There are 2 protein chains.
Amino acid sequence: MSNFRPKNRESGACANVCFKVTLFATYYEIVTMNRRTTIKDIAAQLGVSHSTVSRALRGDKRISSTTVENVRRVAERIGYRPNILACGLVHNRTSLIGILTSNVRGSFFADVIDGAQSVLDKRRYSILLCCSHKNPAAERAHLETLIDKQVEGIILLPVTSCGTNSRVIRQAQDLHIPIVIVGTRKKEVNAPMIGTDNEQGGYLAARHLLDLGHRRIIYITPSKEDLHSERHRFGLENAQRYRGYLRAMKDFGLDSEISTIEIDPDVQDMTPLRDILKKKNAPTAFFAYSDRLAISAMQASLSWGYRVPTDLSFVGFDDIDFASLVYPPLTSIAQPKLDMGRFAAKKILNQIEGLPEDDLTCTPELRKRDSSGPAPK
Amino acid sequence: MSNFRPKNRESGACANVCFKVTLFATYYEIVTMNRRTTIKDIAAQLGVSHSTVSRALRGDKRISSTTVENVRRVAERIGYRPNILACGLVHNRTSLIGILTSNVRGSFFADVIDGAQSVLDKRRYSILLCCSHKNPAAERAHLETLIDKQVEGIILLPVTSCGTNSRVIRQAQDLHIPIVIVGTRKKEVNAPMIGTDNEQGGYLAARHLLDLGHRRIIYITPSKEDLHSERHRFGLENAQRYRGYLRAMKDFGLDSEISTIEIDPDVQDMTPLRDILKKKNAPTAFFAYSDRLAISAMQASLSWGYRVPTDLSFVGFDDIDFASLVYPPLTSIAQPKLDMGRFAAKKILNQIEGLPEDDLTCTPELRKRDSSGPAPK
DNA sequence: TAGTTTTGTGCAAACGTGTGCATCGTACCA
DNA sequence: TGGTACGATGCACACGTTTGCACAAAACTA
């Protein structure tokens, strides 16, 4: 078989070359079946150097058009695909963007990913996905993995503990890996952020209920601690949404009516809700930190015989898919999730190109549905 | 500054070495701030060759323990991280597993990812995520990207059109990239699959309703076409679940009661449901292709004044998060999604190691909740 | 015809790491 | 003292690309 091996400097007329191509393609189809083909294979078949092939493929205008054409043809025939590791080694690029999130579940995450992917796709970047499950140690490990894998940028989705991992984040930044935070940023971390005006969202929700005539409006928080302390299980968003609610209530002079109940979404214990509904002067409306929480509370109330929105009104936050699927459809505050993902990707790409980037705050929007209605007499 | 540059063959006593280390660390901290440090940096500081450093870091036992220790110390000090591109180039590895899915939304996807990640993490693999939105062209493009990025394996999540892209899939297999399909496989594609016994799931659901005394049970399909033809918008699952329903009905001699309505989940037009409920001898129970569909139908029925489960019973499929959050909580058929993800990852890893792999079919399970109850008199 | 430009290629080094083999020094043995 | 064995390290090449530079041939110019 070795007599088939092409000799190096054996160029010739085009027809001749074509003949050899056919011949050697057969040879190579046998030999290279089990490995990726390289520019050297192409070079050998055409009797040119691999640098010529490289230049031809990259469209270097110094290469004659006939050579370029030959190279293209052989490349196509033997199914050549560039080795991205080798290219990456030379250019110090991986075309990888890391996305670190605390939970892969939920439409917020999905929409942001979708939005980011649509932008990154066009620039031939791929997404390296990590999920930390709110575990700071896992989060740090994943950040280190991302750095080790030499991603060219990192998108941080609501990662509750990133405050505690600011050291790794700085480490990434020292290596000039751009970072963008989607959601809310801890003050320890210095990176451009894309967020929603949660305070405004909270205000919109409360204001909507107030305009419907409700006065006794309760904020449902996943964690009371979040609202006042510096430790935030659910990020700063919770405190911000609550602050918007406060502002609306105070605008109406309802300082004395301000009140919250805590429902842990993981535990789903509804007794605080049941208790407050039993009191005299029970609330007529609820504004929840999240749609999930709002839906749980609403469905629990239904199961106890309350009518929605006749007896009780509910407003959620995030406008997830299911907000419009449950009965009654849930009024919610929407954030432009897809756009946030797109912007995040753009911010990363801009930073990669050396452009400075700063924060971007999106405006939330009220999606009125049937779960909120006029306050009962 | 260049007089600080370490000369190559300038070894010395340990104390001397340590002194130099300190000195040059300072030098290097200045010089290398803007790039990743390499084994050459370590080698230069210690006055050894880079091969020695490489061997020391890899734990080659031919290297003296003092050298190993020195190398480790310097590596730590200058924050050395191996260049994964270079390693990959030598070993022809990327430590990347591609996951291609049609939609990133939904708990099926999320759980499978989670499960896969937990297994892949331990083996230091990362996940390259692509989402094709049920678009065959995008799907093919993404598959090609995955091949180009030299992933070491591909997990295909319910990708409706993979039949049309079997050529690319075969291309990947020719390059010895292992593939696992989670969900259902098209017959054009020859790869190990990990799925649920959808037929059995359908049987369980229908059987559950039959045991509760229901006789007029309707199957809600996202597309009637799916049930009989070869074209499947929603994969083969739909036909399989329907077949399970058929078997249960026939077991009870209810061939004449077999009936379906079509509700497109993207359009959410509920008139077929309304129409069938208006008929005399209206159905008393519904079994839907998916939880999403079941929930929509159930909530629509509630809005028309029907009581669940007093008047109507509903059973879904998939046991998504929201199944237990809606009111009344939805009875559903669960698949072991997390495990399916774990198994998928294991199958990929095994194949990478050259072990043969074949299909795995998981057993579905009924999760009884309040949306299904005894048939009305 | 000799010199200059242009055109098309090849050579060799580089990216950062891994590794077979050669080499060097030392210790041990006869 | 000569030979052998062994432990520790360096050299040089490999992986697949890209790219600065040199160089040859061809095409001009004078």
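Everything numeric here is computed off the predicted structure, so don't read it as measured data.
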Problem - Interatomic distance, A:I42 CD1 vs D:dT18 P [rounded to whole Å] - result: 11 Å

Exercise for the section: Would you indicate what A:S51 reaches in the nucleic acid, counting non-hydrogen atoms under 4.0 angstrom: base, sugar-phosphate, or nothing? Expected result: base

Exercise for the section: Quick one: label A:R55 by what it contacts on the DNA or RNA (base, sugar-phosphate, nothing), any heavy atom closer than 4.0 Å. Expected result: base

Exercise for the section: Indicate, with a heavy-atom threshold strictly under 4.0 Å, whether A:H91 touches base, sugar-phosphate, or nothing. Expected result: sugar-phosphate

Exercise for the section: State whether A:S64 places a side-chain N or O below 4.0 Å from either non-bridging phosphate oxygen (OP1 or OP2) of C:dT9. Expected result: yes

Problem - Positive for salt bridge (charged side-chain N to carboxylate O under 4.0 Å, His left out) with A:D41, one of A:R81, A:R77, A:R35 - result: A:R35

Problem - Length of the line joining A:K40:NZ and D:dT17:P, which is rounded to integer Å - result: 9 Å

Handout entry: Upstream residue (5' side of DNA chain D) when B:A86 and B:I63 are each assigned their closest nucleotide
Key = B:I63

Problem - Test: B:R123 and B:E152 ion pair at under 4.0 Å - result: no

Handout entry: A:H50, nearest nucleotide to its side chain (from D:dT9, C:dG16, C:dA13)
Key = C:dA13

Practice task
Mind calculating the distance between CG (A:N92) and C1' (D:dT17) to the nearest angstrom?
Solution key: 14 Å

Practice task
Would you tell me if any nitrogen or oxygen in the side chain of B:T38 comes within less than 4.0 Å of OP1 or OP2 on C:dC15?
Solution key: no

Practice task
Could you state the atom-to-atom distance from CD1 of B:I84 to P of D:dG16 in whole Å?
Solution key: 18 Å

Practice task
State whether B:K149 and B:E144 are salt-bridged, where the test is any N-O pair (Lys NZ or Arg NE/NH1/NH2 against Asp/Glu carboxylate O) under 4.0 Å.
Solution key: no

Problem - Residues B:F343, B:I348; criterion side-chain contact (heavy atoms from CB on, under 4.5 Å); working and verdict - result: CA-CA 9 Å; B:F343 283 130; B:I348 287 286; over 6 Å; no

Handout entry: Atom-to-atom span, NZ of B:K61 to P of D:dT9 - whole angstrom
Key = 15 Å

Practice task
Quickly work out the A:R62 CZ to C:dT7 P distance and round it to whole Å.
Solution key: 12 Å

Exercise for the section: Please state how far atom CZ in A:R35 lies from atom C1' in D:dC15, giving the value in whole angstrom units. Expected result: 12 Å

Handout entry: Whole-Å distance separating the CG atom of B:D148 from the P atom of D:dT17
Key = 11 Å

Exercise for the section: Give a yes/no answer on whether the side chain of A:R58 brings an N or O atom under 4.0 Å of OP1 or OP2 in D:dT17. Expected result: no

Problem - Side chain of A:L89 (C-beta onward), nearest among C:dG16, D:dT9, C:dT9 - result: C:dG16

Completion exercise
Closest of D:dG16, D:dT9, C:dC15 to the B:T52 side chain is D:dT9

Practice task
Give a yes/no on whether any side-chain N or O of B:S49 is located under 4.0 angstrom from OP1 or OP2 of D:dG10.
Solution key: yes

Handout entry: B:D60, CG atom: more than 12 neighbouring heavy atoms under 6.0 Å
Key = yes

Practice task
Scan B:S54 against the nucleic acid and name what it touches under 4.0 Å (heavy atoms): base, sugar-phosphate only, or nothing.
Solution key: base

